[in-house]
Amino acid sequence: MDRYEPLKIEAKWQKIWEEEKPFKVTEEPNVPKMMVAEMFPYPSGAGLHVGHVRNFTIVDVLTRFFMQQKINTMRPFGYDTFGLPAENYAIKTGTAPQDVTKTNIENFRKQAKRLGYAIDWDREINTSDPEYYKWTQWCFLQLYKKGLAYQKESYQWWCPVDQTVLANEQVENGHCWRCGHEVEKKKMKQWFFKITEYADELLEEIDSLDWPEKIKTMQKNWIGRSVGAEIEFLLDSRSSGAWQGEEKRRSPVATGRADAGREPSKNSITVFTTRPDTILGATFLVVAPEYPSLEALLTDDTREEVLAYKAASLKKSEIERQENKEKTGVFTGSYAINPATKEKIPIYVADYVLAGYGTGAIMAVPAYDDRDREFAEKFNLPIVEAELVDRDLYGTPKITYKMRDWLISRQRYWGCPIPIAYDKDGDPHPIPEDQLPVIHPEVKDYQPDDTGRSPLAKATDWLKVTIDGEEMTRETDTLDGYACSSWYLWRYASPHDDKAAWDKDAIKYWEPVDYYVGADHAVAHLLYIRFWCKFFADQGFLPFREPIKKLIYHGYINAPDGKKMSKSKGNVIDPLDVINEGYGADTLRTYEMFIGPVELDAAWDPRSVGGVYRFLNRCYNLVFKADDDAFSRSSGAWQGEEKRRSPVATGRADAGRENGIAIRHRVIKKVTTDIHKCQFNTAVAALMEYVNDLYKQGASEEDLITLAKLLKPFAPHLASEMLEKLGADDEWPVWDEKYLTSDTVEIIVQINGKLRAKLTVNAEDLEDEEKIKSLALADEKVAKYTTNGIRKSIFVKKSHLLNFVV
RNA sequence: GCCCCGGUGGCGGAAUUGGUAUACGCGUUCGACUUAAAAUCGAAUGGAGAAAUCCAUAUGAGUUCAAGUCUCAUCCGGGGCACCA
């Protein structure tokens, strides 16, 4: 006769799970497997927030659901620990990021345990652990060996606040993804991963993924494939600039894209166009301000003005470029020959042409392109409505992508060291694999500066390294954190392997990941991990080419006022507070599953939390507050099924409406199919409905066991307590379709599509349309409308519906 | 500007895919228990109406025996892309 005391029950079961490790798994070749994981968290000092709880609970519901079905289910856990917050904290307080990280991990682990997650704690990983990043460095070297990790000097996004370069994927509307400050362009020599090598496959396989359409579309847009042609325009030698007098010669057909560092020819300009058929209307050329051989196009008359324009463009932030789309530009002083018309056309420089896309130069066809027309009108250039020509006549077919190579160097301390050293000529050499890991050096001063070198440069002893007897200097940049998270899912298969990044047999059994749950990183992380997967599959290290089968992308949880939770607004709900107030972890978990459809944002509602608590309390009472009195009072309320126990309700005798077996099998089916579809909110609603029914009509032993089993993925502590009391295991129940049909069915009778009567008939009468019709016509409510006869009748057996048209 | 989604009670949201609109929860009201309150339990709850009925899924048309669901137009909200040649 105890009250429902979640904190007591939860402590009891958490201790049992800690000691007995029921969630520890190993490969069992003859047992079906599942692998379920969340996007691992960055362990911040603030601890878990309600968004983490939503994320982790979705994973946990699936995990327990599969475990209860005797599927060998792995649910690992890890921490994405490299990154700016720990480093900025270090700069502010002098505490080593290593120490901050350790504290934060301990806190996260403790809190995750407090939520009762079915984690295999022997599969815990941490990206800043040398045992882990040793293999991140190994991955880098594999890419380096195949030429997919390379250095290039070019203009890059630079965040002046974080004092580091950023990948394109980390620049959001011209702002740094971390600190929000506007980014600038800076010319630097940096490391890249050649993701563009896999652009085609990354694009083509998107369609086969069981991922939300939203994410798939974003990835497609990001890759941005365009089919067109490259066309070479020779410069007009008699009319211009610095190259004058140089020997005129045809340049070889260009193949690479501007991004790959190709040096354009000095006596021709190659453009990329998706409309090579409009070449007769090309009346001028435009090159980007950063166009590599711009200098060669200039004349004494134009040099000063063009260089001033270039300098101004580089200084302009992305935001300014976006806000002011008014076309600007300057004539270079040079002309080119349109290969189709043989006419001499002027060459302009303008910042509406992007250096990083295509060849950094375009042929302007103002009659067919709005942007070119705008430019032509402003600068009084001819607009020619020319005929179209065959697409292949003047150019080489060419496919171009918006996606650029992935810039991975960071000029920051708290990241994975890049395993490279430079000889005295400055040429890079890989650190031999047997010298890994390149251990992260301790430094005294974490402050970055604008020298373009990371604080690692201050670890003077560490910088020196000997490779093959030669003295070298280590690379001081660190790897983008996304590199560390591009392979962690594979590490889960064999997290303590010291011979390899991942064990081939283990990974073959466990992966690809069956369900991956998260709320962010639509392009960056989810594109990078696909890229690495394809690369390592090509090297024979992975037996699959896509790492994630099903992706679940959930919405955010906002404050009760609908606004984003933030410390500064003071509207943050701390999940641990909710637990400790007395609601417990089960209520918190179940509430967050009930809050709304997974994919949608939701607002926290403290009163609804109470509603979920009441529901769990009712579940508890059904099992623990039953007494023999209520037992006998309610037995007989149901048509002769098993002995029913009803704790509270008097067992209202409205049986005949439905029988208990049907209700039970219906809820099993509903909860099972809903979890499969990740419709957790309606699964919880179905359980609530079931409990309401049991209160009204009495519950059998079988009902209570079923309830506890179905409840367990959501509220595992309470459900375990119930099952223990009932002396039952937690094996997931199965429904039998034959119990879902009852002896009688309700027929909906409509007149002209409007509901007019409901008829209860024997189930077998569904086969007899004429009988149902006559029964319906005999109904007085129906008869009222059919006095003038019936023009038509439609009977829909599957919907139990009969419609008369009068 | 272009491309996707959405719009259902006082609120969060259901609706077997064209077939009983508003499940479940919150809130509200009433009742039971209590000296009282809380908790708990029960009942009611889209709107109008005494009732029969009528009207309701952003708005307007259309298709259909039947439309929240399909088609077209309009309005509003959210997301993505955004000078990518």
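Quick note on labels: first sequence line is chain A, next is B, and so on, each numbered from 1. Keep in mind the model is a prediction, meaning the values are calculated, not measured.
- A search for side-chain contact (heavy atoms from CB on, under 4.5 Å) contacts involving A:L388 returns A:R275, A:D277, A:T278, A:Y368, not counting sequence neighbours.
- By the side-chain hydrogen bond (donor to acceptor under 3.5 Å, both in side chains) test, A:K564 pairs with no residue at all, sequence neighbours left out.
- Remark: P of B:rA85 and CZ of A:F233 are 16 Å apart, rounded to the nearest angstrom.
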Please tabulate, one pair per line, all N/O donor-acceptor pairs under 3.5 Å involving side-chain atoms of residues 670-681 of chain A, not counting sequence neighbours.
unit_1: A:K670; atom_1: NZ; unit_2: A:D674; atom_2: OD2; d: 3.2
unit_1: A:T672; atom_1: OG1; unit_2: A:I668; atom_2: O; d: 2.6
unit_1: A:T672; atom_1: OG1; unit_2: A:W732; atom_2: NE1; d: 3.0
unit_1: A:T673; atom_1: OG1; unit_2: A:K669; atom_2: O; d: 2.8
unit_1: A:T673; atom_1: OG1; unit_2: A:K670; atom_2: O; d: 3.2
unit_1: A:D674; atom_1: OD2; unit_2: A:T682; atom_2: OG1; d: 2.8
unit_1: A:D674; atom_1: OD2; unit_2: A:A683; atom_2: N; d: 3.3

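- Taking atom C1' on both nucleotides, B:rU57 is separated from B:rA67 by 10 Å, rounded to a whole Å.
- Residue A:M218 contributes atom CE, which lies 14 Å from atom C1' of B:rG78 at whole-angstrom precision.
- In this structure, a donor-acceptor pair under 3.5 Å is absent between the side chains of A:N752 and A:Y785.
- Ring centroids of A:F375 and A:Y352 are separated by less than 6.0 Å, placing the two rings close together.
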Could you list the protein-to-nucleotides 24-27 of chain B atom pairs, N/O on both sides, closer than 3.5 Å?
unit_1: B:rG25; atom_1: OP1; unit_2: A:N692; atom_2: ND2; d: 3.1
unit_1: B:rC26; atom_1: OP1; unit_2: A:R614; atom_2: NE; d: 3.2
unit_1: B:rC26; atom_1: OP1; unit_2: A:R614; atom_2: NH2; d: 3.1

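- Within the nucleic acid shown, A:I595 comes within 4.0 Å of sugar-phosphate atoms alone, with no base atom in reach, counting heavy atoms only.
- The cationic group of A:K185 does not satisfy the cation-pi geometry with A:Y155, failing either the under 6.0 Å distance to the six-membered ring centre or the 45° limit from the ring axis.
- Atom-to-atom, CG of A:L600 to P of B:rG78 comes out at 14 Å; the value is rounded to the nearest Å.
- Closest approach to the A:T682 side chain among B:rC65, B:rA15, B:rC81 is made by B:rA15 (side chain taken as heavy atoms from C-beta onward).
- Only the C1' atoms considered, B:rU16 is 30 Å distant from B:rU53, to the nearest whole Å.
- Nearest-nucleotide positions on RNA chain B for A:P597 and A:N617 put A:P597 closer to the 5' end.
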All N/O pairs under 3.5 Å across the protein-nucleotides 19-21 of chain B interface:
unit_1: B:rG19; atom_1: O2'; unit_2: A:S799; atom_2: OG; d: 3.2
unit_1: B:rG19; atom_1: N2; unit_2: A:Q750; atom_2: OE1; d: 3.4
unit_1: B:rG19; atom_1: N2; unit_2: A:N803; atom_2: ND2; d: 3.4
unit_1: B:rU20; atom_1: O2; unit_2: A:K758; atom_2: NZ; d: 2.9

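- Annotation: the span from A:I383 atom CD1 to A:T283 atom OG1 amounts to 7.5 Å, rounded to 0.5 Å.
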Show me the side-chain donor-acceptor pairs of residues 611-618 of chain A shorter than 3.5 Å, one per line, residues at least two apart or across chains.
unit_1: A:R618; atom_1: NH2; unit_2: A:N692; atom_2: OD1; d: 2.9

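- The closest side-chain heavy-atom distance from A:I279 to A:P276 is not below 4.5 Å.
- Here the C1' atom of nucleotide B:rC81 and the CD atom of A:Q219 are 15 Å apart, to the nearest Å.
- In the displayed structure, A:K220 atom NZ is contacted under 6.0 Å by more than 12 heavy atoms of other residues, nucleotides or ligands.
- The P atoms of B:rU8 and B:rU69 are separated by 13 Å, rounded to the nearest whole Å.
- Annotation: B:rC4 and B:rA73 have their P atoms spaced 13 Å apart (nearest Å).
- If you take NZ of A:K563 and P of B:rG78, they are 14 Å apart, rounded to a whole angstrom.
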Report, one pair per line, the protein and nucleotides 50-55 of chain B atoms (nitrogen or oxygen only) whose separation is under 3.5 Å.
unit_1: B:rU53; atom_1: OP1; unit_2: A:K784; atom_2: NZ; d: 3.4
unit_1: B:rC54; atom_1: OP1; unit_2: A:R756; atom_2: NH2; d: 3.2
unit_1: B:rC54; atom_1: OP2; unit_2: A:R756; atom_2: NH1; d: 3.2
unit_1: B:rC55; atom_1: OP2; unit_2: A:K754; atom_2: NZ; d: 3.2

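- Salt-bridge check for A:K378 with A:E326: passed, with a basic side-chain N closer than 4.0 Å to an acidic carboxylate O.
- We find that OH of A:Y695 is positioned 7 Å from P of B:rG42, with the value rounded to whole Å.
- Remark: C1' of B:rC83 and OH of A:Y357 are 12 Å apart, rounded to the nearest angstrom.
- The CE atom of A:M403 sits 11.5 Å away from atom CZ of A:R225, with the distance rounded to the nearest 0.5 Å.
- For B:rG12, the base adopts the anti conformation, since its glycosidic angle falls more than 90 degrees from zero.
- Between A:W604 and A:Y591, the ring planes lie perpendicular to each other; the angle is over 60°, past the 30° to 60° tilted range.
- Judged by distance alone, the side chain of A:N803 and the main-chain N or O of A:I794 form no donor-acceptor pair under 3.5 Å.
- For the pair A:R391 CZ and B:rA85 P, the interatomic distance rounds to 12 Å; values are reported in whole Å.
- A salt bridge between A:D693 and A:K696 is absent, with no side-chain N of the basic residue lying under 4.0 Å from a carboxylate O of the acidic one.
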Distances for protein N or O near nucleotides 1-7 of chain B N or O, under 3.5 Å:
none

Secondary structure of RNA chain B in dot-bracket form (Watson-Crick or G-U wobble, distances below 3.5 Å, | marking inter-strand pairs)
(((((((..(((......[....)))((((((.......))))))(((....)))..(((((..]....))))))))))))....

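- Taking the P atom of each, B:rA61 and B:rA51 are spaced 30 Å apart, rounded to whole Å.
- More than 90° away from 0 lies the glycosidic angle of B:rU59, which makes this nucleotide anti.
- Within residues 669-681 of chain A, the residues having any heavy atom closer than 4.0 Å to RNA chain B are, in order of number, A:N681.
- For the OP1/OP2 pair of B:rG79 and a distance below 4.0 Å, the side-chain nitrogens and oxygens of A:K214 include no atom meeting the criterion.
- Remark: the A:E592 side chain and the A:T57 side chain contain no N/O donor-acceptor pair separated by less than 3.5 Å.
- Relative orientation of the A:F624 and A:Y620 rings is parallel, given thresholds of 30° and 60° on the angle between their planes.
- Here the side chains of A:P366 and A:L381 are not in contact, with every heavy-atom distance at 4.5 Å or above.
- In this view, A:S226 and A:Y357 satisfy the side-chain hydrogen bond (donor to acceptor under 3.5 Å, both in side chains) rule, not counting sequence neighbours.
- Across B:rC30 and B:rA39, the matching P atoms stand 15 Å from one another, rounded to whole Å.
- With sequence neighbours left out, the salt bridge (Lys or Arg N to Asp or Glu O under 4.0 Å) criterion links A:D779 to no other residue.
- A tilted orientation is assigned to the rings of A:Y739 and A:H665, their planes being inclined by 30° to 60°.
- Only the C1' atoms considered, B:rA21 is 16 Å distant from B:rG7, to the nearest whole Å.
- Between A:S226 and the phosphate of B:rA85, there is a side-chain N or O to OP1/OP2 separation shorter than 4.0 Å.
- Across the C1' atoms, B:rU45 and B:rC11 are found 14 Å apart, a figure rounded to whole Å.
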